[in-house]
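Let me begin by presenting the structure, written as structure tokens, before commenting on it.
Order of listing sets the numbers, starting from 1, for every ligand and every atom in it. Heavy atoms only: backbone and side chains are in, while hydrogens, waters and symmetry mates are out. For the single chain, residues carry numbers from 1 onward in sequence order.
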Amino acid sequence: MSKIVILTGAGISAESGIETFRAEDGLWAQHRVEDVATPEGFMRNPELVVDFYNARRAQAAEVEPNAAHRALARLEAEHEGEVIVITQNVDDLHERGGTQKLYHMHGHLKGALCATCDHRWPAPMVMAPGDACPACAAPAARPDIVWFGEMPYDMETLFEHLSGADIFAAIGTSGNVYPAAGFVAEARGAGAHTIEFNLERSAVGSQFAEHRTGPASQTVTQWVSELLGK
Ligand code: NAD
């Protein structure tokens, strides 16, 4: 029974209507990464950062999972071996599409995190800078998002999954953000068949054994049907 480990990025949510990091007219294009996705940016201007993620949380609530999210849930339900989905996305479209074994390595919009005591709790739809932590009462609530310069979640467990993978697939990720961009090398080193789903070759595209080019809603759905033999 084969173990399949799947890494997803912003490209899998693009067809649901959430702009990728690189989209020219998206939310991200209106802000500098250093301002909205670093701990230093948050310290400089917490209001800007909290508002940015409030807008992303509102947008994520308005969109629906697409065929690629649903195909991965189907793979998990019907494949005889293990299926692990690791996402860099902070939306909840995998969960809503039906995936159960899921790691949000860069955090998620539905979470709040105390910058003082690390307590985590469900974020309200609209956070405000200085919201109090329900555990320690410090006015230090922040979105539970892993910013640039911070350590992604569950790294030890993720590398264990990668070292046991028979198939490693990366879907809709540009291969620019580490450590996720290094997962292909890890899985390949462990003997996995590696496959990239993207509209174009990613920055680490040369490391994949196989490429499927096109919108994830089509390529991933087709791949899952092939794997399941129906
Ligand atoms: P990215 O924007 O850097 O790259 C997106 C990739 O998806 C590109 O390579 C693009 O060619 C590809 N793509 C676009 N549409 C596609 C489609 N329909 N089918 C297949 N591929 C498609 O995103 P990234 O690699 O995930 O990394 C950027 C960082 O930004 C991550 O840390 C992520 O957490 C964050 N981010 C998250 C979201 C989200 O949660 N939905 C959205 C934007 C950015």
Side-chain angles (χ1 to χ4, degrees), residues 6-38 41 49 52-72 85-97 99 102-111 123 143-155 158 169-184 195-208 210-224:
I6 297 158
L7 172 70
T8 68
I12 197 168
S13 295
E15 290 170 80
S16 292
I18 298 185
E19 304 95 341
T20 64
F21 198 53
R22 265 138 236 288
E24 281 171 14
D25 52 354
L27 265 179
W28 285 96
Q30 297 155 29
H31 297 93
R32 296 188 323 147
V33 169
E34 308 85 71
D35 291 337
V36 295
T38 63
V49 176
F52 175 75
Y53 289 100
N54 283 341
R56 299 196 61 203
R57 193 177 299 109
Q59 181 194 40
E62 279 173 10
V63 302
E64 297 296 330
N66 65 55
H69 297 104
R70 289 194 299 270
L72 295 186
V85 178
I86 304 166
T87 189
Q88 299 167 88
N89 295 343
V90 296
D91 64 51
D92 61 351
L93 295 178
H94 281 300
E95 295 91 311
R96 285 163 53 204
T99 289
L102 175 69
Y103 294 90
H104 272 284
M105 66 179 287
H106 291 167
H108 61 131
L109 291 164
K110 291 209 151 167
D144 189 8
I145 306 286
V146 177
W147 288 323
F148 288 95
E150 298 183 319
M151 179 62 81
Y153 292 137
D154 303 313
M155 288 311 295
L158 300 187
I171 304 170
T173 177
S174 60
N176 287 304
V177 179
Y178 283 82
F183 286 1
V184 58
I195 172 165
E196 175 169 86
F197 296 83
N198 206 310
L199 300 176
E200 59 190 21
R201 292 268 165 131
S202 76
V204 291
S206 63
Q207 298 184 39
F208 287 85
E210 186 182 345
H211 294 268
R212 301 222 179 173
T213 306
S217 62
Q218 294 170 25
T219 55
V220 174
T221 306
Q222 168 70 27
W223 175 62
V224 167

So which protein heavy atom does atom 34 (O) of ligand 1 come closest to, and at what separation?
-> Gln88 O, 2.3 Å
Contact check, side chains of Ile18 and Asn89, non-hydrogen atoms, under 4.5 Å = no
OG1 (Thr219) and NE2 (His211) are apart, to the nearest 0.5 Å, by 13.0 Å
Between Val49 and Trp147, is any pair of side-chain heavy atoms under 4.5 Å apart?
-> yes
Atom 15 (N) of ligand 1: nearest protein contact (heavy atom, Å) | Leu199 CD1, 3.5 Å
Validation row: Val204, Phe183 side chains within 4.5 angstrom (heavy atoms) = no
Shortest protein contact, atom 11 (O) of ligand 1 (heavy atom only) = Asn198 OD1, 2.6 Å
Report the member of His106, Arg56, Glu19 with the shortest heavy-atom distance to atom 36 (N) of ligand 1.
-> Arg56
Please could you name the atoms of ligand 1 that Gly214 approaches to less than 4.0 Å, counting only its heavy atoms?
-> 19 (N), 20 (C)
Numbering the atoms of ligand 1 from 1, which are under 4.0 Å from a heavy atom of Ile18?
-> 41 (N)
Distance from atom 13 (N) of ligand 1 to nearest protein heavy atom, with residue and atom = Gly11 CA, 3.6 Å
Ligand 1 to Ala14 polar contact by distance, N or O atoms, under 3.5 Å = no
Show which atoms of ligand 1 fall inside a sub-4.0 Å distance from at least one heavy-atom site of Gly9.
-> 26 (O)
Would you check the N or O atoms of Ala10, main chain and side chain alike, for any that come under 3.5 Å of an N or O of ligand 1?
-> yes
Is the shortest distance from a heavy atom of Ala37 to ligand 1 less than 4.0 Å?
-> no
In Å and rounded to the nearest 0.5 Å, what is the CZ to CD distance from Arg212 to Gln222?
-> 7.0 Å
Element-labelled atoms of ligand 1 that are located less than 4.0 Å from some non-hydrogen atom of Pro215 | 18 (N), 19 (N)
Which word best sums up how the rings of His69 and His94 line up, parallel for under 30°, tilted for 30 to 60°, or perpendicular for over 60°?
-> perpendicular
Polar contact flag for Val177 and ligand 1 (N/O pairs, less than 3.5 Å) | no
Please confirm whether Asn176 comes under 4.0 Å of ligand 1, counting heavy atoms of the residue only.
-> no
Compare all side-chain heavy atoms of Ile145 with those of His106 and state whether any distance is below 4.5 angstrom.
-> no
Considering only non-hydrogen protein atoms, determine which one is nearest to atom 44 (C) of ligand 1 and report residue, atom name and distance to 0.1 Å.
-> Trp28 NE1, 3.4 Å
Identity of the nearest option to atom 40 (O) of ligand 1, non-hydrogen atoms only, from Asn66, Val90, Thr8, Val63 = Val90
Under a 4.5 Å cut-off applied to non-hydrogen side-chain atoms, are Val33 and Phe21 in contact?
-> yes
Could you tell me whether the side chain of Tyr153 reaches within less than 4.5 Å of the side chain of Leu158, counting heavy atoms only?
-> no
For the residue pair Asn66 and Ser217, confirm or rule out a side-chain donor-acceptor distance under 3.5 Å.
-> no
With Ile171 as partner, the option from Ile6, Val85, Thr87, Leu7 fulfilling side chain to side chain contact (heavy atoms under 4.5 Å, CB included) is Ile6
Per-atom contacts of ligand 1 with Ala216, taking only distances under 4.0 Å to non-hydrogen atoms | 17 (C), 18 (N), 19 (N), 20 (C)
Do Met105 and Met155 come close enough that some side-chain heavy atom pair is under 4.5 Å?
-> yes
Heavy-atom distance under 4.5 Å between the side chains of Val63 and Asp91, does that happen here?
-> no
Protein heavy atom at shortest distance from atom 30 (O) of ligand 1 | Phe21 CD1, 3.6 Å
Among non-hydrogen protein atoms, atom 3 (O) of ligand 1 lies closest to Ser174 OG, 2.6 Å
For Gly172, take its heavy atoms, then give the atoms of ligand 1 lying under 4.0 Å from any of them.
-> 5 (C), 6 (C), 7 (O), 21 (N)
Among all protein non-hydrogen atoms, which one is nearest to atom 18 (N) of ligand 1, and what is the separation to 0.1 Å?
-> Glu15 OE2, 3.0 Å
